[in-house]
Structure formats: structure tokens, C-alpha cells
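Working notes, beginning with the structure itself.
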Amino acid sequence: MAEAADFQGTSASPARRWLRRTGALLAGAPLLAGLLQLPAATPADAAGQESPQAAASAGSVSVAVDSLSPSAPSEGDTVTVSGTVTNNGKQTVTGAHVDLQVGPPLETRSAIDTLAKKSDDIQGPSGEKVGGKYTEKFSALTPGVAEPFSISVPADKLDLGDDGVYQLAVALSGETTAQPWDQVLGIQRTFLPWQPEDAGTKTKTTFLWPLISSAHMAAETGSNEQQTPVFRDDELAEEIAPGGRLDQMVSLGKGLDVTWVVDPDLLASVDAMTGSYEVRDADGGTTPGKNQEIAKNWLAELQQAVTGEEVAALPFGDPDLASLAHNGTNVTGSLNHLKEATDAADETVDTILHVKPSTDFVWPVDGAVDPSIVKVATSAGADKVITRSDSLQENLPYTPSAARPIGGGTTAVVADARMSTAFQGDLTKASASTLAVQRFLAQSLTLGLQTGKQRSVVVAPQRMPSVSQAQAMAEALAALQGGNWSESQDLTAAAKAKPDPAANTKVPPASAYPSSLRKQELPRAAFEQIARTQSKLDRFKVILTRQSRVVTPFGRAMNREMSTSWRGRGVAAVGYRDGIESYLNGLIDGVKLIQKSETKLSGRSATIPVTVQNNLVQGVEHLQLRLTSQNPTRLKIGGDAYEEQPVTVNGGHAQSVKFTTSANANGQAKVEAQLYTEDGQRYGAPVTFDVRVTEVTPTVMLVIGGGVLLLVLAGFRMYTQRKRAFAREAAEDAAAEADDETDGPQSQADAPQNPEASGARLEQENGAGSRAESPEQPSDPAPDTAAESADPSGTGERVDR
């Protein structure tokens, strides 16, 4: 009855409820007792299955493997692992000890990637302990204190079997007051390549060693004959100075078998530093450069390093092929700059390094390609594109050789993405660098063990490795070249290697291009500005007597404007382009017309001078100066509305050009002076000025002409009168002398009896003398008297002269 009532949902009696509760309590007692006894479990049981409390404290100690030597051991070697352990928890770790654990071999390249992502995960498998004396113990690890360790163990004690890559874990175990049993508190996994004997078939490995920097030179040069170069900053000197990034790249690469990939702009910039150069300062001025010896030493070391080695030259300035393909091909002239950059590469490298470089290769950013990038990359003559396997992906269970024919006679040289990206990130810590080296070697060995067939592999690291990255690269490459499974190969040989027939040869579509890379590209506006600068340069150079002084530095500067180094530096790129265009505008404005004020023109015709000023250090020619009247009915120039005259001006001088004008009416006429190139293009800004015309009427011209005629007649009359007077005086003097001879003294006595004749003669002399002292001027008024008779006057007659 009771069971039926409970089943039907009816209420049970209080006695029954009490009985059920008591039974449940008694049944749970053993379970409760077991739970209460868990803290007293043995350490071994706890290690087998950690409690939630233990899991929460796990990983409180960080383990850093700072070195592993040798990186790829052989039979008879002793492996030494060194590093530090740091207690990051709040409790002291007691009974601490560091052990080496060797895991099973990693069969695939993806397995290496997976392990690298979880290298410090204490929950994952860690392998068997080497044990024995190959351990290091610490009495206590104080919180926040790093303790060094170093363990050396013979390779034959590591129990390594067949050739392959083994997981090598360094684990720190110990106890805390909260978990008083031995447990793993920190771990670091790395890779141990094991190829004790020479492989039957070695992988041919090509390692690209890039010498690339950002743009340091602008277009500006000094006004002297040597054209002293001007640098935007002194950062290049820091890179090539001892210990600098580029100094380390040369020093480290010198002893390695690599293919040197150089940007000719870097070589040209350092070469410019070997002589006199200027550095732009923060105030806009320049100061003399002082790093000539550093530049000379770096170039000398590089020349020695590349002797007998393969050198691949990128186009000058390392242009951003993807930006050009996606944003620049529709801008006129953009592809011409790529062709110029390619042509300049061969000569630059050969001249400075004294080696003949290969110019068949181009290298898009991160090896990412699409059809437009391939088309642009090969447009300048290169037929080999360095790509990467994460762009030209494979569906094969193995890694094929690098060379892939992709159509049109173009070869894609596919660099291995895993090995190429192994040295990215912050490698300033020794532990990070060691892990990168071991991972690189592990990928290389696993790749070689995939098929047993010989393949060609290319490694294309980041364009501008840091010092720590370069050191890790050199360490890994030295270990690889000293190993037993790889041999070095030039880039040219890798490109010519027989392609794998099963390899992917299809270029990915534009939609597959990484969006992260597309966001960093130079915009269309950048190529439009470059085209605008080029157009100005084309108009400017035609007037120069020495075009190379301007064309060469500006051409190289525009190559730098397209550089890959501007990615992620958009503001700096705009500033560089603006600076180049502004400097060119300043040179163009150096040849200009001098401003003129209002000119007054009196008369029917006159000449108007116009001055051309040349502030350049070189002469200009092939210019035409046109003077145009905007009111030709009032003022004509050269018999028409305008006149042109050729202009040639030496450097630092001014030249005035005179134009003949003719006026037809009084008033004001506006005149424009404009320089033109020989092909009819305007050059510079025009100069406009007013000409005020005051025209002379015909009546006034007649009056002036009559006045001139009267002056001429008056002068002639004066001349004839004076001539007659002298003739009469001569006749009278002759007659007087005759009388004196006849009459003697009597004639002298009679002299006072002729006062009139004597007075006339005296007046005549006085008059003649007065006129001689005060000759008439052309501007004096003509006398109103009529012309006198030419006959001699009678005795005692007074004549007005």
C-alpha cells in the first residue's frame, strides 16, 4: 500500500521519510570517508593523476633552454643542455631537480609544428627520463630567482634509435607546501635531430642571405662638381658600424655557403659614404658626414665575403612588386621605373663589388604571389620569381623541389615556408634563439627523410633580419652545413633543378593574396605622385646643359619611393615622396622670369627688356621666351601679337632679352612674358605687367620737324654772315696798308678824320668777337630778320648781324 501510494505521488508518512533519509546517509558514509582521506594519498598516486589543486599550481616554474650543443649530435658526442629555471610562484620549491626526457621520434613536419606550439605545456607527453647521474638538483627555488643549470650526457645514453627528430624535454620537478609531493612544475621541449652518419641522399639546400636596408638617400646633392650626396639621416652608418645589423650580416655570412641577395641601393648608398657627404639634421640644415672609414671597411669586408660566391641583385631600391601590381600598373610610367631599377642593378653591383650578379630573380614580399604580381615581376626581364610554399601550396604528402614552371617561360622558385619563417620574432633571448635553431634543423632533417629522393630546397628568410635573428640564422646554417643530411646549392642551380611532375604549378588567384599584406601596400596615390614628379623632371631636364646631374639622382630617388621597405611605414613614405617633389620644384623655380613693374612707352616704337634668372649651378638652354600683348590693337610686339626669342643663361647668371614694340594708340596694354620649352610646353610661372602708351600725333611731329629745320637754317645764315665779315675785314686791311705806303705819316694824321668808318670797323670787330664768344645753340630761337645781301656794305653803313 505504501509503495503504491509513493508511486502515485501521494505523500509518505513521516516515519517512512525518516527511514529513507537514514538509509541514504549510511550508504554515503564510506564515500565520504574516502574523500576525506584523499589528501593523505601517496605522492606516487598524486603524480599519476593530479588533483585540481595540483593542476592549478603546475607550470609555476619556467624552464629556459639557452643552449644545446651540439645542435645535431653524432655517435660519440656528448650533448650539453644549459639554461635557467625560475620560480614564478609564491611558494618556495623544495627538492627541485632538472631532468632530461627523450620522447619518441616525430614522424612528420606537422608534428614538429604542433610540438613547437606546446613546448612548455606540462600536461603533454614528455618521454622517458634519462635519469641516473644526468640530473641537476636544487635544495630550494626561491620565488622570483633564476637558477642556472647545465647537464651533459653522452649521446649513447639518450637511447636514440633510427635516424629522425626526437623530442628532448627539460623538466623541473619539486614540491611546495601546498603540494608536498614530487611533481613537474615546469618544462621546455625542444628538438634533437639525429643523423649520426651521412645520408644516402642529401637534400640540396639554398639559403638566401639578404643585404637590404631602407632608403637613406634623397635626390639632393651638393652644388659642387662632385655633387656631394645628402643623406636623410645617419642610420645607415649605425647599421654598418661594428656590431650593427648589416655589419653582423656580412661578418656572419662570410663563413657560410649562401647566396647573397643584395639591394643595389644599399651598395650605392654605402659607396657614397666613402667620400664627402652631408647629413640632414633636425633643423633642415646639413652637417658633414664623418663615417667614411666605417663605409670603406664595410665594403672591403663585403667584397671579400662575396668573392667566389653567388650574388643575386634585386632591382635598384627593392621595389614593392605587389603594390605595383595591385595599385600602380594603371598609372602611366610606373612599369618604366621597374625597368630602370632592373637595368641599374647590374652596373651598380658590378662596379662596387666587382662581381657579375644574377639579375634574373625577383622577390615579392613574403613570397606571396598572384597572376598580376607574376606579370609585373617578369615585365622588366626577370624570369624567376622567388615565392613561398604558403602561397603556392601543395597537396602532396611530401615537400617537392623548389623549382616550378608556371607558364610563359617563368619559373617559380618556391621557398620552404616552415624553414623560411623559423627565425622571425624576438630572438634576443638565448632560449628563443636556441628553440628557433633546433626547430629549423628538425624541419630540414624530417623533410630529407620523407621520400629518400634528392630534392632542392630554398630558404628565404625575412628581408631585414635583426642582429639576434641573423645570429640564429648563422648558427642554424653552420650546424646544417656541418650535418650529415644536407649539402649547399646556389640559387641559380636550384632554379634549374628538375621540377617534380606532381608539384603544384598553378599561381593562386588574387583573392588568395593575404589581406594582412594588402593592407601594407603603397596606395595608388603614391604611384600618381611618382608619375607627377617624373613628368616635372621630364620637362625640366630638356633645358639643362648637364642633364645627368639631375636625372640620375632623381631617377634613383623615385626607385626608392617604390621600395618594399615602406610597408608599415605609410607616414614616412609620404614624407619621403613629398620631400623629393618639393626639392624638384625648388630646382625648377631656380629658372624663372624676374617680375616687372609698369612700363611707360613714349613714342611710336620702343624696346621692352625681360630678364631671365638662372639660380642653378649649370647653364640652361633650349628655352623660348615669348612676350605676348593682350591688346595687340594698341600695342604690337615684333609686328604681331607676340614674339619669341631663344634663351640661353649660364649658371648663376641672369639674361635680359629685348623685344621691339610698336604703339598704335594711347592707353594701357597688358603684356605677358612666358618661358616655353622647345616642344611648346610652358615652363614656370608667367610674368604679367602693364605698358602705358603715350602716342605722338602728326601735328606735333610737324611742329618738331619745323623747329629742327629753322635751327638748321639759322646755323647756315650765321656761317655765311661770318664768312663775309671776315672777307671785308681782310679787304679793308689790305687797302689801309696800301694807303700807308703811299701817304706815309700823312695817312696816319688823316686817320681821325674818318670817325664813322673807324667806328663801323670797331663795331664790326666787337660784334664778331661777341658772337664768337657766345655761339648760337640749336635750341635758341631763330632770328626774325630777313636774309641780308651778300654784297659788301657802303662806307659808314651799319649792318645788323
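We count residues from 1, following the sequence as given.
Side-chain N or O atoms of Trp566 include one that pairs as donor or acceptor with a backbone N or O of Arg560 at under 3.5 Å.
Minimum heavy-atom separation, Val507 to Pro371: CG1-N, 3.7 Å. Met464 and Ile212 get closest at one heavy-atom pair: CG-O, 3.2 Å. Across all their heavy atoms, Asp247 and Ala241 have their closest contact at CB-O, 3.1 Å. The minimum heavy-atom distance between Leu584 and Leu537, with the atom names listed, is CD2-N, 3.7 Å. Summarising the geometry of Gly619 relative to Asn614, their closest heavy-atom pair is CA-ND2, 3.8 Å, with the distance given to 0.1 Å. Of all the heavy atoms in Ala382 and Ala377, the pair that sits closest is CB-O, 3.9 Å.
Below 30°, between 30° and 60°, or above 60°: for Tyr513 and His326 the angle between ring planes is above 60°, a perpendicular geometry.
With respect to Arg280 and Glu220, a salt bridge is recorded, a charged nitrogen being found less than 4.0 Å from a carboxylate O. Salt-bridge formation is detected for the pair Glu581/Lys536: a Lys NZ or Arg NE/NH1/NH2 atom is positioned less than 4.0 Å from an Asp or Glu carboxylate oxygen. In this structure, Arg524 pairs ionically with Glu528, as a charged nitrogen and a carboxylate oxygen lie closer than 4.0 Å. Under 4.0 Å is where a charged nitrogen must lie from a carboxylate oxygen, and between Asp640 and Lys636 no such pair does. Taking 4.0 Å as the cut-off between side-chain N and carboxylate O, Glu225 and Arg546 count as a salt-bridged pair.
Asp370 and Ser372 are linked by a side-chain donor-acceptor pair at a separation below 3.5 angstrom, with hydrogens and angles left out of the test. Side-chain N/O atoms of Gln529 and Arg577 include a donor and acceptor closer than 3.5 Å.
Under the 6.0 Å cut-off for aromatic ring centres, His337 and Phe527 do not qualify, their centroids lying 6.0 Å or more apart. Aromatic rings of Tyr277 and Phe231 (six-membered ring for Trp) have centroids within the 6.0 Å cut-off, being under it.
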Could you please spell out the steps behind the side-chain hydrogen bond (donor to acceptor under 3.5 Å, both in side chains) verdict for Ser251 and Glu301?
CA-CA 8 Å; Ser251 299; Glu301 187 175 1; 3.1 Å; yes
Kindly indicate, with the supporting measurements, whether the criterion side-chain contact (heavy atoms from CB on, under 4.5 Å) is fulfilled by Thr688 and Lys670.
CA-CA 7 Å; Thr688 304; Lys670 191 174 290 294; 3.5 Å; yes
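For Arg556 and Phe316, the positive end sits near the middle of the six-membered ring, less than 6.0 Å away and at most 45° from its axis.
Each of Pro364, Ser379, Ser334 was compared with Leu324 under the side chain to side chain contact (heavy atoms under 4.5 Å, CB included) criterion, and only Ser334 meets it.
By the 6.0 Å contact criterion, CZ on Phe689 is enclosed, its count of non-hydrogen atoms from other residues, nucleotides or ligands being greater than 12.
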